[in-house]
Amino acid sequence: MGFVDYEVNGQVGVITINRPKALNALNSEVLDDLNAVFDGVDQNEVRCLVLTGAGDKSFVAGADIGEMSTLTKEEGEAFGKKGNDLFRKIETFPLPVIAAVNGFALGGGNEIAMSCDFRICSDNAVFGQPETGLGITPGFGGTQRLARLVSPGYAKQLIYTARNIKADEAFRIGLVNQVTTQEELLPTCLKLANVIAGNAPIAVRNCKKAVNDGLQVNMDEAIVVEEKLFGDCFESYDQKEGMANFLRKKDDPAKVKHVAFQNK
Ligand code: DAK
């Protein structure tokens with residue numbers, strides 16, 4: 001695919017935005033390519049995805065300012081919709097998506113990282129929403145996702161000031177879960193992805209849906225969302241085998257075996 005590489009290793013897929021000359025900035029083509037790669041993921045084969053950027057300098061340095069600079073109002077709306085539809089696809093994608101943030105994550109770069117389930121970054125990462133310095137608001141969900149991920153007050157401060165923050169501050173405010181060296185970033189994310197891939201895939205998917213959907217409604221409704229997704233697991237092989245294995249272990253530790261969850 002033109003600006004996006006996709007590689008599968010076992011049950012983990014790595015999606016790499018590959019436009020390093022422009023610091024992996026998101027133009028329409030990159031958005032289209034990303035959309036096609038997500039549509040093409042074989043969800044029977046792959047259980048967890050890692051999203052990263054090519055090169056050692058930038059994850060994504062934002063939406064493409066050159067392309068945006070000449071947009072009409074209608075074209076701006078269409079560009080915004082293209083990005084928003086893709087980012088929502090990532091956020092609601094049935095499989096977990098880990099953002100491996102390997103450098104600049106600015107504007108649309110921070111926004112695409114925030115559409116992933118969680119973020120791990122290298123120590124050279126820089127995060128920010130510089131849009132107010134460009135005469136626009138964040139357009140790919142930045143005002144909404146940042147306010148939900150960190151405190152509304154911190155989100156407002158970052159967005160109004162257009163100030164960039166480094167990896168340690170991103171960690172301190174909860175924007176990223178872990179900071180690694182540059183060399184360790186991908187191995188760390190792959191290790192995590194493989195741990196996730198080793199758990200029951202239907203349960204993992206239902207957990208993602210429960211957290212996402214539950215956060216949109218009040219607690220009474222959220223608990224019902226969880227009940228339903230919990231109940232669904234009881235129709236799965238994975239639940240039967242996972243629990244049977246626990247009981248075997250109690251009965252006789254020698255009978256414990258590795259459970260090969262089957263996604264059914
Ligand atoms: N767009 C296009 N090209 C970019 C780019 C970007 N966002 N960021 C970097 N590049 C390009 C540079 O132009 C340069 O290209 P050449 O000149 O070599 O051809 C190349 O990448 C290397 O960049 P630099 O030479 O500038 O590298 P430095 O190390 O000196 O600086 C930097 C790195 C990341 C600090 C700097 O490049 C920079 O400040 N970049 C812009 C960062 C930024 O402001 N990003 C936020 C963009 S605004 C909406 C939808 C979405 C959005 C808004 C509205 N609607 C609803 C329609 C989203 C907005 C944004 O993301």
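Start at 1 and go down the list; that is how both ligands and their atoms are numbered. Not measured: the values here are computed from a predicted model. Along the sequence shown, residues carry numbers from 1.
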- Please report the closest heavy-atom contact between G108 and F140, naming both atoms and the distance.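 Minimum heavy-atom separation between G108 and F140: CA-CD1, 4.1 Å.
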- Query: What's the shortest heavy-atom distance between N199 and R47, and which atoms?
  - Reply: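 What the structure gives for the nearest pair is O-NH1, 4.0 Å.
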Are any of the side-chain nitrogens in [X] or [Y] under 4.0 Å away from the carboxylate oxygens of its partner?
{"X": "E91", "Y": "R88", "value": "yes"}
{"X": "R19", "Y": "E29", "value": "no"}
{"X": "K73", "Y": "E77", "value": "yes"}
{"X": "D232", "Y": "K228", "value": "yes"}
{"X": "E241", "Y": "R248", "value": "yes"}

What is the nearest protein non-hydrogen atom to [atom], stated with its residue, atom name and distance?
{"atom": "atom 38 (C) of ligand 1", "result": "L106 CD1, 4.9 Å"}
{"atom": "atom 10 (N) of ligand 1", "result": "A22 O, 3.7 Å"}
{"atom": "atom 2 (C) of ligand 1", "result": "I65 N, 3.6 Å"}
{"atom": "atom 8 (N) of ligand 1", "result": "A61 CB, 3.6 Å"}
{"atom": "atom 24 (P) of ligand 1", "result": "L23 CD1, 4.5 Å"}
{"atom": "atom 15 (O) of ligand 1", "result": "K21 O, 4.1 Å"}
{"atom": "atom 48 (S) of ligand 1", "result": "L134 CD1, 3.5 Å"}
{"atom": "atom 44 (O) of ligand 1", "result": "P130 CG, 3.5 Å"}

Hey, looking at atom 58 (C) of ligand 1, which of G103, A63, S58, A105 has the closest heavy atom?
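It is A63 that holds the nearest heavy atom.
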Would a 4.0 Å cut-off, counted as strictly less than, catch a protein heavy atom around [atom]?
{"atom": "atom 40 (N) of ligand 1", "answer": "no"}
{"atom": "atom 50 (C) of ligand 1", "answer": "yes"}
{"atom": "atom 21 (O) of ligand 1", "answer": "yes"}
{"atom": "atom 26 (O) of ligand 1", "answer": "no"}
{"atom": "atom 36 (C) of ligand 1", "answer": "no"}
{"atom": "atom 12 (C) of ligand 1", "answer": "no"}
{"atom": "atom 30 (O) of ligand 1", "answer": "no"}
{"atom": "atom 17 (O) of ligand 1", "answer": "no"}

| request: May I ask you to decide if the ring planes of F38 and F93 are parallel, tilted or perpendicular, using 30° and 60° as cut-offs? | output: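 F38 vs F93 ring planes: perpendicular.
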Note to self: With a cutoff of 4.0 Å, is K57 in contact with ligand 1, counting heavy atoms of the residue only?
What the structure shows: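 K57 counts as a contact of ligand 1 under the 4.0 Å cut-off.
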Worksheet item: Out of curiosity, is K81 lining ligand 1, as in a heavy atom under 4.0 Å away?
Response: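 Judged by the 4.0 Å heavy-atom criterion, K81 does not count as contacting ligand 1.
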Going by the atom numbers of ligand 1, which of them fall below 4.0 Å from some non-hydrogen atom of I136?
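Near I136, the atoms of ligand 1 are 53 (C).
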Rounded to the nearest 0.5 Å, what's the gap from [atom1] on [X] to [atom2] on [Y]? Could you check?
{"X": "K240", "Y": "C233", "atom1": "NZ", "atom2": "SG", "value": "10.5 Å"}
{"X": "L186", "Y": "T16", "atom1": "CG", "atom2": "OG1", "value": "7.5 Å"}
{"X": "K156", "Y": "L146", "atom1": "NZ", "atom2": "CG", "value": "12.0 Å"}

Going through the distances and angles, do N177 and R119 end up as a side-chain contact (heavy atoms from CB on, under 4.5 Å)? CA-CA 6 Å; N177 289 5; R119 290 140 293 285; 5.6 Å; no
Heavy-atom distances under 4.0 Å are what count here, so tell me which part of [X] touches ligand 1: side chain, backbone, both or neither.
{"X": "E67", "value": "neither"}
{"X": "L26", "value": "neither"}
{"X": "N84", "value": "neither"}
{"X": "E77", "value": "neither"}

Sequence neighbours excluded - side chain to side chain donor-acceptor pair (under 3.5 Å) pairs with any residue from residues 2-15: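 The answer is D5-N18.
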Which side chain to side chain donor-acceptor pair (under 3.5 Å) pairs, counting each pair once, include a residue from residues 125-134, with sequence neighbours left out?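 Every pair satisfying side chain to side chain donor-acceptor pair (under 3.5 Å) with a residue in residues 125-134: N110-Q129, Q129-E131.
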Mind checking whether [X] has an N or O less than 3.5 Å away from an N or O of ligand 1?
{"X": "E111", "result": "no"}
{"X": "A25", "result": "no"}
{"X": "F79", "result": "no"}

Dump the intermediate steps for side-chain hydrogen bond (donor to acceptor under 3.5 Å, both in side chains) on Q216 and D213, then the final yes or no.
CA-CA 5 Å; Q216 306 308 317; D213 293 359; over 6 Å; no
- Applying side-chain contact (heavy atoms from CB on, under 4.5 Å) between L34 and each of D32, V30, V37, report the one that passes.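 The residue from D32, V30, V37 that satisfies side-chain contact (heavy atoms from CB on, under 4.5 Å) with L34 turns out to be V30.
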